[in-house]
2 protein chains.
Amino acid sequence: MEDMYEDGYTPPILTVDTVIFQIIDDEFYVLLIKRAADPFKGAYALPGGYNAIGETTREAMERTLLTKTGVNCADLRLVEQLYTFDTVARDPRGHAVSVTYMGLGRDIVPAESDKTQNPGFFNVRELPELAYDHKHIIEYAHDRIKSKITYTNAIFSLLPELFTLTQLQKAYETVFGRELDKRNFRKKFLSLNLIHETSELHRDGAHRPAKLYRFNKQELEALARSFD
Amino acid sequence: MEDMYEDGYTPPILTVDTVIFQIIDDEFYVLLIKRAADPFKGAYALPGGYNAIGETTREAMERTLLTKTGVNCADLRLVEQLYTFDTVARDPRGHAVSVTYMGLGRDIVPAESDKTQNPGFFNVRELPELAYDHKHIIEYAHDRIKSKITYTNAIFSLLPELFTLTQLQKAYETVFGRELDKRNFRKKFLSLNLIHETSELHRDGAHRPAKLYRFNKQELEALARSFD
DNA sequence: CCTTATTAGTGTTATGTTGACACTAAGTAT
DNA sequence: ATACTTAGTGTCAACATAACACTAATAAGG
């Protein structure tokens with residue numbers, strides 16, 4: 001039992017857990033599953049699972065996300081490792097180590113099927129009871145993205161390719177959970193030179209149409225100045 | 001071989017690696033060992049090792065640090081997890097996952113003995129050839145602490161309990177690797193209310209003695225405003 | 001076509017922060 | 001007493017932040 005490796009080394013259990021966020025109707029949502037088995041059977045939890053030998057934690061994350069929620073990691077716009085938690089006793093057999101990831105995207109639709117475990121997006125302001133320390137992990141991820149959008153262009157990952165300045169501001173407000181001043185926001189954000197105006201307009205009802213903008217890059221880049 | 005766990009799950013190899021920094025003579029140093037065995041026999045590397053079953057990564061870090069360098073984690077002033085690297089092929093038997101930690105302290109002395117592996121502090125500006133991707137991990141850790149001292153009081157961990165403003169400024173300059181303006185530094189840092197003056201003076205040669213200061217807290221706290 | 005409703009879009013001012021810059025103060029050594 | 005060395009201090013200009021209200025452009029409905 002102990003000599004799987006030649007020198008008698010036995011590693012602990014390794015798992016991954018993933019926090020997928022997206023904005024829906026100007027609210028911030030996180031992807032959860034309902035646990036089908038003990039421990040915490042019937043409770044909600046982050047999608048995750050065991051990290052098998054021979055796969056990277058990133059690969060294990062992509063695999064478990066697809067299996068448990070039907071979400072393809074390639075449809076996410078930004079994925080990054082968050083933190084590694086020792087405190088998650090995922091497995092009744094003993095101590096487990098969980099590497100966590102955060103993923104951001106738009107129009108992500110979990111697939112309901114036999115193999116999936118009732119995946120769905122939940123408003124982060126009204127979370128159900130969560131298994132393990134997953135509430136803590138979600139808060140950690142939320143803090144990370146709040147911080148990240150102040151010194152990078154990470155907000156692109158939550159927006160469509162073409163967007164109005166109002167949509168951009170709303171995305172910030174949704175992540176921050178507070179309102180921002182319209183004129184100050186526009187002045188500051190435009191000075192960062194992360195986006196450029198297009199010739200297209202967004203028509204959306206009985207009012208003046210808004211110019212549509214596009215990010216210069218759809219990859220993460222750090223800002224010269226921080227944003228807030 | 002595959003059924004150590006009842007359901008056939010076999011975890012990958014789990015290791016920890018630790019980046020210990022301290023300031024010596026106004027230069028920034030990192031703790032390295034000389035590898036006694038292949039792979040990379042004879043090359044320098046971060047202290048680290050296998051994470052056994054039943055211990056947390058933090059416990060594995062403390063254990064391997066003590067074993068390989070004689071440094072007791074309790075003598076460090078600040079320890080935090082950095083990142084988990086999949087890319088460290090520590091083990092020729094295959095893919096390994098390495099959880100890394102950063103530790104900061106002062107007057108840390110590695111112990112030379114049979115069990116230790118030639119531990120010593122190396123100036124981060126003149127590093128020897130390093131095993132694995134440990135150079136990358138050290139740079140990652142260095143970036144982290146550079147950033148951390150701009151929005152927390154983390155610098156306390158590199159200073160003695162009583163210190164002068166000049167020593168404080170030198171500590172920042174050492175971590176940043178660049179010089180700061182004396183008047184602006186003092187004005188800004190004192191406005192953060194992290195430290196208070198004591199009645200003691202530091203006499204150090206044929207010149208005006210300097211007031212000694214003390215941190216209000218010897219624990220990590222975030223700043224209201226960022227510092228730079 | 002005119003009115004209304006609705007969101008888009010814009011500038012100024014006061015306050016605070018940053019960054020550049022040079023001299024006096026207090027001690028020791030000779 | 002003089003020289004030397006590090007400690008300690010203030011101003012000003014440039015820039016960033018935060019508070020704040022009106023006009024512009026369109027669609028819908030009468």
Side-chain angles (χ1 to χ4, degrees), chain A residues 23 25-26 146-147 149-152 159-160 162-174 176-214 222-228, chain B residues 23 25-26 146-147 149-152 159-160 162-174 176-214 222-228:
Chain A
I23 292 174
D25 293 338
D26 297 334
K146 276 186 201 173
S147 164
I149 59 175
T150 68
Y151 64 90
T152 71
L159 287 166
L162 292 176
F163 54 90
T164 69
L165 293 181
T166 299
Q167 288 170 340
L168 176 65
Q169 183 179 340
K170 286 262 187 202
Y172 269 96
E173 290 174 338
T174 300
F176 283 149
R178 66 184 169 91
E179 298 193 342
L180 300 173
D181 178 90
K182 184 157 86 162
R183 279 171 291 186
N184 291 339
F185 176 84
R186 290 171 181 229
K187 193 186 343 163
K188 180 71 189 291
F189 199 91
L190 289 173
S191 78
L192 301 174
N193 293 318
L194 293 173
I195 60 175
H196 58 271
E197 183 177 321
T198 68
S199 57
E200 296 179 71
L201 295 176
H202 179 68
R203 291 170 194 279
D204 179 31
H207 55 82
R208 178 173 177 172
K211 289 180 193 164
L212 284 163
Y213 288 77
R214 192 192 299 270
L223 305 187
R225 291 197 190 89
S226 72
F227 172 75
D228 186 19
Chain B
I23 292 174
D25 291 339
D26 297 333
K146 275 185 200 173
S147 164
I149 59 174
T150 67
Y151 64 90
T152 71
L159 286 167
L162 292 177
F163 54 89
T164 68
L165 293 181
T166 299
Q167 289 170 340
L168 177 65
Q169 183 179 342
K170 286 262 187 200
Y172 268 96
E173 290 174 339
T174 300
F176 284 148
R178 66 182 170 92
E179 298 194 342
L180 300 173
D181 179 90
K182 183 157 86 163
R183 278 172 292 187
N184 292 339
F185 176 83
R186 289 172 180 227
K187 191 189 342 165
K188 181 70 189 293
F189 198 91
L190 289 172
S191 77
L192 300 174
N193 292 317
L194 292 173
I195 60 175
H196 57 271
E197 183 177 320
T198 69
S199 57
E200 296 179 70
L201 295 177
H202 179 68
R203 292 170 194 277
D204 179 31
H207 56 82
R208 178 172 176 173
K211 289 179 194 165
L212 283 164
Y213 288 77
R214 191 193 299 270
L223 305 187
R225 291 195 190 93
S226 72
F227 172 74
D228 186 18

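Keep in mind it's a predicted model, so treat the numbers as computed, not measured. Just the heavy atoms: all of them, side chains too, but no hydrogens, waters or symmetry mates, feed the values below. Here is how names work: the chains are called A, B, and so on, in the same order as the sequence lines, proteins then strands, and each is numbered from 1.
The side chain to side chain donor-acceptor pair (under 3.5 Å) search around A:Gln167 returns none, not counting sequence neighbours.
Between A:Phe185 atom CZ and D:dA16 atom P the separation is 17 Å, expressed in whole Å. Here the P atom of nucleotide C:dA25 and the CG atom of B:Leu201 are 18 Å apart, to the nearest Å. Regarding B:Glu197, its CD atom lies at a distance of 14 Å from the C1' atom of D:dT9, rounded to whole Å. Separating the CZ atom of A:Phe189 from the C1' atom of C:dG9 is a distance of 17 Å, rounded to the nearest angstrom. As rounded to whole Å, 11 Å separates atom P of C:dA29 from atom CG of B:Asp204. Look at CZ on A:Arg183: it is 17 Å from C1' on D:dA16, rounded to the nearest Å. Separating the CD atom of B:Gln169 from the P atom of D:dG8 is a distance of 12 Å, rounded to the nearest angstrom. Between the NZ atom of B:Lys182 and the P atom of C:dA20 there is a distance of 17 Å, rounded to whole Å.
Residue-to-nucleotide contacts include no donor-acceptor pair under 3.5 Å from the side chain of B:Lys211 to the base of D:dG8. A donor N or O paired with an acceptor N or O is found under 3.5 Å between the base of D:dT11 and the side-chain atoms of B:Lys187.
Nucleic acid contact class of A:Arg203 (heavy atoms, under 4.0 Å, all strands): sugar-phosphate only.
Between A:Phe185 and A:Leu165 there is no side-chain heavy-atom pair separated by less than 4.5 Å. Using a 4.5 Å heavy-atom cutoff, the side chains of A:Lys187 and A:Asn184 are in contact.
Annotation: side-chain hydrogen bond (donor to acceptor under 3.5 Å, both in side chains) contacts involving residues 198-213 of chain B, sequence neighbours excluded, are absent.
With A:Glu173 contributing its side chain and A:Leu180 its backbone, the two residues share a donor-acceptor pair below 3.5 Å.
Contact annotation: A:Thr166 side-chain N/O to C:dA8 OP1/OP2 distance is under 4.0 Å. Using a 4.0 Å cut-off, some side-chain N or O of A:Arg186 falls inside it from OP1 or OP2 of C:dG9.
Both B:Asp181 and A:Ala210 sit near DNA chain C, but only A:Ala210 has its closest nucleotide nearer the 5' end.
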Give me, pair by pair, the N or O atoms of the protein and of nucleotides 1-6 of chain C that are less than 3.5 Å apart, along with how far apart they are.
unit_1	atom_1	unit_2	atom_2	d
C:dT6	O2	A:Ala206	O	3.2

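In B:Asp25, the CG atom is not crowded: 12 or fewer heavy atoms of neighbouring residues, nucleotides or ligands sit closer than 6.0 Å.
A:Asp181 and A:Gln169 make their closest contact through C-NE2, 4.0 Å (heavy atoms, listed as atom of the first residue, atom of the second, distance).
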